Amino acid sequence: MGMDRQRYPPNWAEISRAARERAGWRCQWCGAAQGEERVSTAGKRYQVVLTVAHLGTPFPDGRPADKRDKQDCRPENLAALCQRCHLRYDIDEHVEHARQTRWRKQREAQLEAGQLLLFE
Ligand SMILES: [Zn+2]
């Protein structure tokens, strides 16, 4: 899972560890324990590794939060999740990222084509 560390606070490792400790080292959604062996849908054995997701939990005053804001480390905004739950949760973000990458590549190709035309 590619993760852009620039978007995270410098002490993310500590924050993330504290969140997993609070969760008792279990996935907060499906209950899988850190290190537990599981079998993927493809039949492959793997160990559960908990990672911490940003939920986008609204602020107490009702302001909406942005789940893409990785600086928002309020405990209620974080959840320790297994790979399966985290991927499921982030899937819309992955789709959006893929869409943006495609768009950027198209733009770059157009720009290159434009430059080539300029030098003809
Ligand atoms: Zn889970």
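Predicted model only: the values in this text are computed from it and were never measured. Whatever order the structure lists them in is the order used to number ligands and atoms, beginning at 1.
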What lies under 2.8 Å from the Zn ion (ligand 1), restricted to protein N/O/S atoms, is Cys27 SG, Cys30 SG, Cys82 SG, Cys85 SG
Rounded to the nearest 0.5 Å, the CD atom of Gln71 sits from the NE2 atom of His54 at a distance of 8.0 Å
Margin query: With a 6.0 Å cut-off (strictly less than), is the heavy-atom count around CD of Glu76, excluding the residue itself, greater than 12?
Written below: yes
Discussion item. I'd like to know whether Tyr46 forms a side chain to side chain contact (heavy atoms under 4.5 Å, CB included) with Arg38, so could you lay out the CA-CA distance, the side-chain angles of the two residues, the decisive distance to 0.1 Å, and finally the verdict.
Written reply: CA-CA 5 Å; Tyr46 70 99; Arg38 206 148 64 174; 3.1 Å; yes
Students should find that the hydrophobic cluster of Trp25, defined by side-chain heavy atoms under 4.5 Å apart, otherwise consists of Val48, Leu50
Axial cation check for Phe59 ring with Arg74, 6.0 Å and 45° limits: yes
### Message
Is there a side-chain contact between Val52 and Arg20 in this structure, where contact means two heavy atoms from C-beta onward sitting under 4.5 Å apart?
### Response
yes
